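Have a look at the structure below before the remarks.
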Amino acid sequence: MKRIVTLKTRDLDASRNNGGCGECQTS
Amino acid sequence: MTHLYKLNGYNIVLDTASGSVHSVDDVAYDAISMYNDCSKQQIAEFITSKYPDVSEADVEDVLADVAELKADGKLFSEDKYKPNVDALAKRDPVIKALCLHVAHTCNLDCAYCFAAQGKYHGQRVLMSYEVGKRALDFLVENSGTRHNLEVDFFGGEPLMNFDVVKRLVAYARSIEGERGKRFRFTLTTNGMLLDDDVIDFANREMDNVVLSLDGRKEVNDRFRKTVGGVGSYDIIVPKFQKFVKARGDKSYYMRGTFTHNNVDFTNDIQTMLDLGFDQLSMEPVVCPPSDPYALTEEDKPELFRQYERLAQMMIERKTQGKPFTFYHYMLDLEAGPCIYKRISGCGSGTEYLAVTPTGELYPCHQFVGNKDYLMGDIYEGIKRADIRDKFKRCNAYSRKECEDCWARLYCSGGCAANAYNATGDINGVYGYGCDLFRKRIECAIMLKVDEYAKSGQKE
């Protein structure tokens with residue numbers, strides 16, 4: 001059994017290049 | 001920065017800057033917690049003495065895994081986003097959302113209402129169709145290339161001006177095609193005026209509806225009374241049940257407020273579930289600490305327990321095939337917000353504005369009536385660019401306290417209005433709200449870890 005399991009998450013660093021479109025919902 | 005915590009039988013490690021989430025065993029938990037402050041030898045000695053079945057070779061394997069995660073930028077990663085904050089602040093502002101105050105009046109007289117019985121410390125007034133139409137045009141004109149625009153019909157009680165709401169939606173739909181926009185409408189209502197006409201209209205046109213109910217009858221009726229002093233529970237619950245049943249699979253939120261008088265708020269959640277509602281939101285009251293119903297420091301440990309109990313209720317109900325959602329526990333780890341969203345927050349004062357019935361512009365609904373924050377109007381636009389600029393720079397990187405907070409990219413510095421009400425400065429820190437927020441995020445991520453553990457899914 002693995003001692004560390006990493007969940008799939010959005011890569012925040014990469015989102016500097018693929019994010020920022022502004023079309024998401026306002027909180 | 002990393003955050004380690006144990007909850008509901010899980011050991012969880014969060015990496016702040018990368019957003020990574022790790023579920024680990026006891027050995028890895030201890031190794032990670034010691035990793036930056038102790039030598040490999042010290043870690044090995046500690047772990048092998050604490051866990052007799054664990055060998056030095058096992059510890060070496062764990063430390064190698066930790067080193068690999070660090071090299072991959074998923075543990076102890078560096079926060080490199082400050083330059084992005086500066087770049088965002090220099091962008092030309094676009095407006096993509098309005099809170100449209102169609103009614104500064106209300107048919108309830110809720111003692112805890114921040115809007116002072118819907119009047120926002122001013123006169124009773126309804127928004128005219130002409131003002132609302134101009135507000136929608138103002139939104140389109142200032143939305144740049146944004147396609148998705150949002151309008152929340154708010155008050156007071158917006159259904160006290162229902163005819164104008166219907167006409168404004170019809171107008172917006174008529175210009176969507178030619179202007180290349182899509183309007184997403186929401187409605188926040190106390191339910192008193194719900195009838196078949198409203199239900200049909202809302203289920204056709206509203207992407208989301210927020211329905212106000214505080215839970216148990218005695219809890220709801222303590223604050224949510226008619227102007228004549230009668231509790232609203234018996235009036236609104238049957239209407240809400242009919243509304244939600246007719247709504248099918250469209251989204252809604254049954255939204256309650258908890259105060260010092262009902263820190264056992266999961267009992268109110270249970271009442272909502274018993275009534276047949278399954279998309280829920282319960283929010284802490286925001287009021288001066290001198291108010292008798294204000295949450296106190298002594299309440300906090302119980303509130304933490306309640307948030308944990310709520311998470312356990314969600315796990316149990318899901319297992320029983322009767323799942324429900326709680327707004328603050330709805331995290332999408334894979335398709336969640338990008339870093340720009342996380343460092344710009346809710347957008348108040350910049351891309352999200354509140355419009356009063358006479359067309360004045362404020363940073364958000366909670367600032368309406370505070371003339372220090374009157375930004376302009378829908379006819380001449382933003383006259384107080386200084387206010388907008390201040391909100392542009394109001395985020396997790398504008399507060400010293402946030403530098404040491406692992407949750408800063410989940411809250412982006414929190415609610416500017418809460419900070420202002422607590423400290424007199426939108427860049428202040430409402431510490432009580434921070435504590436509750438961190439607890440909610442811990443519970444929300446635990447639920448994701450539980451989901452992964454039970455589905456066997458991993459990276």
Side-chain angles (χ1 to χ4, degrees), chain A, chain B residues 13 17-29 31-32 58 61-62 65-66 69 72-75 77 80-81 84 88 94 96-97 144-148 150 152 184 332-342 344-348 351-352 409 412 445 448-449 452-453 457-459:
Chain A
M1 202 183 99
K2 287 187 71 173
R3 293 189 186 278
I4 302 176
V5 175
T6 299
L7 277 65
K8 283 183 184 172
T9 54
R10 183 169 188 181
D11 185 334
L12 292 188
D13 194 26
S15 78
R16 292 201 285 183
N17 298 319
N18 64 20
C21 71
E23 293 292 355
C24 53
Q25 194 180 325
T26 299
S27 311
Chain B
V13 181
S18 69
S20 298
V21 176
H22 311 281
S23 176
V24 306
D25 73 357
D26 289 338
V27 171
Y29 189 89
I32 292 169
D58 292 334
D61 286 346
V62 171
D65 288 344
V66 172
L69 286 169
D72 287 347
K74 294 183 175 180
L75 205 53
S77 65
K80 298 174 284 191
Y81 307 128
N84 298 99
L88 268 183
V94 294
K96 67 175 190 180
T145 59
R146 295 288 184 275
H147 174 66
N148 294 319
E150 299 159 48
D152 185 29
R184 182 181 181 279
D332 188 333
L333 296 179
E334 294 180 59
C338 66
I339 192 61
Y340 296 100
K341 177 70 175 173
R342 288 172 186 254
S344 56
C346 71
S348 62
E351 58 184 24
Y352 166 67
L409 293 179
S412 193
I445 290 176
K448 300 305 286 188
V449 169
Y452 271 63
Q457 195 178 0
K458 56 183 183 291
E459 193 173 40

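Atom set for the values below is all heavy atoms of this structure, side chains included, hydrogens, waters and symmetry mates excluded. Worth saying up front: this structure is predicted, and the values here are computed from it rather than measured. Labels below follow one simple rule: chain letters A, B, ... track the order of the sequence lines, proteins then strands, and each chain is numbered from 1.
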Fill in: Interface moiety of Ala31(B) toward chain A, non-hydrogen atoms closer than 4.5 Å
neither
Worksheet item: Just wondering, do Tyr81(B) and Leu409(B) contact through their side chains at under 4.5 Å, heavy atoms?
Response: yes
Fill in: Interchain contact, Val94(B) with chain A, by part (heavy-atom threshold 4.5 Å)
neither
Worksheet entry | Main-chain N/O of Cys338(B) paired with Ser15(A) side-chain donor or acceptor, under 3.5 Å | no
Practice prompt. Examine whether an atom of Ser23(B) lies under 4.5 Å from a heavy atom of chain A, and if so say whether it belongs to the side chain, the backbone or both; otherwise answer neither.
Written response: both
Item to complete: Answer whether the closest heavy-atom distance between the side chains of Ile32(B) and Val62(B) falls below 4.5 Å.
Response: no
Worksheet item: Which residue out of Ala17(B), Ala335(B), Gly144(B), Gly19(B) racks up the most heavy-atom pairs below 4.5 Å with chain A?
Response: Gly19(B)
Worksheet entry | Heavy-atom pairs under 4.5 Å with chain A, option from Asn84(B), Leu75(B), Thr145(B), Asp65(B) with the top count | Asn84(B)
Discussion item. Please classify the contact of Ser348(B) with chain A as side chain, backbone, both or neither, using a heavy-atom distance under 4.5 Å.
Written reply: neither
Worksheet entry | Sub-4.5 Å side-chain heavy-atom contact between Glu150(B) and Tyr352(B) | no
Worksheet, complete the sentence: chain B shares the most heavy-atom pairs under 4.5 Å, among Leu12(A), Asp13(A), Asn18(A), with Leu12(A)
Item to complete: Among Leu333(B), Val449(B), Val66(B), single out the residue with the greatest number of heavy-atom pairs under 4.5 Å to chain A.
Response: Leu333(B)
Worksheet item: Who are the salt bridge (charged side-chain N to carboxylate O under 4.0 Å, His left out) partners of Asp26(B), not counting sequence neighbours?
Response: Lys6(B)
Worksheet entry | Donor-acceptor pair, side chain of Arg16(A) and main chain of Lys80(B), under 3.5 angstrom | yes
